[in-house]
Undergrad: 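One structure, pasted below without further comment.
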Amino acid sequence: MYNTLKITRPDDWHLHLRDGDMLKGILPETTRHFGRAIIMPNLVPPVITSNDAKRYRERILAACPHGTDFKPLMTLYLTDKTDPNDVALAFSDGLINAVKYYPAGATTNSDSGVTNIKNVMPVLEKMAEIGLTLCIHGEVTDPDIDIFDREAVFIDRVLNPLRISLPELKTTSEHITTKNGVDYVKSQSKNHAASITTHHLIINRNHLLVGGIKPHYYCLPVAKREEHRLAVRNAATSGDSRFFLGTDSAPHTDPNKESGCGCAGCFTATNTMSLLAHVFDEDDALENLEKFTSLNGPKHYGLKPNNGTIVLEKSDEPVQFPEKIHTNDGPVTVFNPGQEIFWKVKKT
Ligand code: DOR
Ligand code: ZN
């Protein structure tokens, strides 16, 4: 039985930092524990060109608390008009670590996303050639497809055909939420892996909807039924190197969440490491926590693990997390797991 656990400093392979006051307000929640994070490009307007990414990176570094050596790993937002040469140059300059594929209309600020994968094949072929990873929001947006089936249908209609036609392209299925997503990753022997969020290990669709709608549990992909949560949780805690942490921590102010048409996103940056220690402890898998948070991700992205370590400690009393992070943009509610958590990050 562990009561303390020292692990390599973790990374977050899928993070929304936004911009301006929101960026300043929420960035310390990530830099406190994480060494690096893949930064999502779905700003308004999106981060489309290498020049956009360069300037966004500078704004992130300027917003970092003093004394932190956090490294933002930048991504470009793939559009029907993305220039393969701009992408290749950004990668060879060390400016970007991945390109993000949003099907148009799939989620927050995805209107400029890809309307048909055929339109971006020249970019994807170039990426396969140079070894640049494609991060995929894997949901179809066809209005005829039930929202709970969007991920499974995407695998059949888009992901699998893409992997067959371009097996050398390194791909990440982001924030997988279904047994279908897990099984697909397991069926692929190389160049494919998946990130998993903290919240999808904890909530299913009942948590979202039973006893009243919980806007702070609404995210995309939407939480699925319990059998899917368990499949995703088994994948995360298994130690299999094809699964790693991507929190998808996505801040929205309370008025934007608690609304007649609320935004999608769970904000988990503050308590993610505590929640993961709790989940892995519950599943008798604490020995695999470091693989999930700190080793499997760098392996997939061709990077070394971080140098530093963090220490997690299980205390006798439940840990109190802030209910909200107060930013100059407004309050952001921290994800509430709905159960007592005894693990805390003791030192970094
Ligand atoms: O829940 C989500 N929030 N899912 C996404 O794909 C986007 C994100 C956001 O940007 O708020
Ligand atoms: Zn996201």
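This one's a predicted model, so the numbers in the text were calculated from it and none came from an experiment. When a residue number appears, it is its place in the shown sequence, counting from 1. Numbering of ligands and ligand atoms starts at 1, following listing order.
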Undergrad: Judged by modelled atom types alone, do T247 and D12 share a side-chain donor-acceptor pair under 3.5 Å?
TA: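 Yes, D12 and T247 have a side-chain donor paired with an acceptor closer than 3.5 Å.
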
Undergrad: Classify the contact between K100 and ligand 1 as side chain, backbone, both or neither, using a heavy-atom distance cut-off of under 4.0 Å.
TA: neither

Undergrad: Quick one: does T107 get an N or O within less than 3.5 Å of an N or O on ligand 1?
TA: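 Right, the criterion is met.
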
Undergrad: What orientation do H192 and Y184 show, parallel under 30°, tilted 30 to 60°, or perpendicular over 60°?
TA: perpendicular

Undergrad: Judged by non-hydrogen atoms, does H14 sit under 4.0 Å from ligand 1?
TA: no

Undergrad: Aromatic rings H199 and F335: how do their planes relate, parallel, tilted or perpendicular, breaks at 30° and 60°?
TA: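 Judged by the thresholds at 30° and 60°, the geometry between H199 and F335 is tilted.
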
Undergrad: Which residue and atom name correspond to the protein heavy atom nearest atom 1 (O) of ligand 1, and how close is it?
TA: L220 N, 2.9 Å

Undergrad: Hey, are D86 and S50 close enough side-chain-wise for a donor-acceptor pair under 3.5 Å?
TA: yes

Undergrad: Considering the heavy atoms of A250, write down every atom of ligand 1 situated less than 4.0 Å from one of them.
TA: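 Those atoms are 3 (N), 8 (C), 9 (C), 11 (O).
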
Undergrad: Indicate every side-chain donor-acceptor pair of residues 122-134 with a distance under 3.5 Å to a residue at least two apart or in another chain.
TA:
none

Undergrad: Taking V222's backbone N and O only, do any of them form a donor-acceptor pair with K224's side chain (distance below 3.5 Å, no angle check)?
TA: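 Present.
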
Undergrad: Quick one: does C266 get an N or O within less than 3.5 Å of an N or O on ligand 1?
TA: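 There is no such contact.
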
Undergrad: With a 4.0 Å heavy-atom cut-off (strictly under), which part of N109 contacts ligand 1: side chain, backbone, both or neither?
TA: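 Neither part.
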
Undergrad: Under a 4.0 angstrom heavy-atom cut-off, which atoms of ligand 1 come close to C219?
TA: 1 (O)

Undergrad: Nearest protein heavy-atom contact for atom 8 (C) of ligand 1: which residue, which atom, what distance?
TA: H16 NE2, 3.6 Å

Undergrad: Can you name the residues that form a side-chain hydrogen bond (donor to acceptor under 3.5 Å, both in side chains) with D52, not counting sequence neighbours?
TA: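 Expected list: T49.
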
Undergrad: How close does the nearest protein non-hydrogen atom get to atom 3 (N) of ligand 1, and which residue and atom is it?
TA: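 For this ligand atom, the closest protein heavy atom is A264 O, 3.0 Å.
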
Undergrad: Do R233 and E226 sit within salt-bridge range, that is, some charged N less than 4.0 Å from a carboxylate O?
TA: no

Undergrad: Suppose the cut-off is 2.8 Å; how many protein N/O/S atoms fall inside it around the Zn ion (ligand 2)?
TA: 3

Undergrad: What atoms of ligand 1 come within less than 4.0 Å of a heavy atom belonging to H137?
TA: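 Numbered from 1, ligand 1 contributes 6 (O).
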
Undergrad: Contact between E174 and ligand 1, counting heavy atoms under 4.0 Å?
TA: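 The answer is no, since E174 has no heavy atom less than 4.0 Å from ligand 1.
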
Undergrad: Over 60° means perpendicular and under 30° means parallel, so tell me whether Y101 and F154 are parallel, tilted or perpendicular.
TA: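 Judged by the thresholds at 30° and 60°, the geometry between Y101 and F154 is tilted.
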
Undergrad: In ligand 1, which numbered atoms sit nearer than 4.0 Å to a non-hydrogen atom of H252?
TA: 9 (C), 11 (O)

Undergrad: Could you pull out every donor-acceptor pair under 3.5 Å between side chains of residues 63-80 and any protein atom, sequence neighbours left out?
TA:
{"residue": "T68", "atom": "OG1", "partner": "P65", "partner atom": "O", "Å": "2.8"}
{"residue": "D69", "atom": "OD1", "partner": "R9", "partner atom": "NH1", "Å": "2.9"}
{"residue": "T75", "atom": "OG1", "partner": "I39", "partner atom": "O", "Å": "2.6"}
{"residue": "Y77", "atom": "OH", "partner": "N109", "partner atom": "O", "Å": "3.1"}
{"residue": "Y77", "atom": "OH", "partner": "S110", "partner atom": "O", "Å": "3.4"}
{"residue": "Y77", "atom": "OH", "partner": "S112", "partner atom": "N", "Å": "3.4"}
{"residue": "Y77", "atom": "OH", "partner": "G113", "partner atom": "N", "Å": "3.3"}
{"residue": "T79", "atom": "OG1", "partner": "K81", "partner atom": "N", "Å": "3.0"}
{"residue": "T79", "atom": "OG1", "partner": "T82", "partner atom": "N", "Å": "3.2"}
{"residue": "T79", "atom": "OG1", "partner": "T82", "partner atom": "OG1", "Å": "3.4"}
{"residue": "D80", "atom": "OD1", "partner": "T115", "partner atom": "N", "Å": "3.1"}
{"residue": "D80", "atom": "OD2", "partner": "T115", "partner atom": "OG1", "Å": "2.5"}
{"residue": "D80", "atom": "OD2", "partner": "N119", "partner atom": "ND2", "Å": "3.4"}

Undergrad: When you check the gap from the basic side-chain N to the acidic O, do E174 and K100 get nearer than 4.0 Å?
TA: yes

Undergrad: Classify the angle between the aromatic ring planes of H207 and Y217 as parallel (below 30°), tilted (30 to 60°) or perpendicular (above 60°).
TA: perpendicular

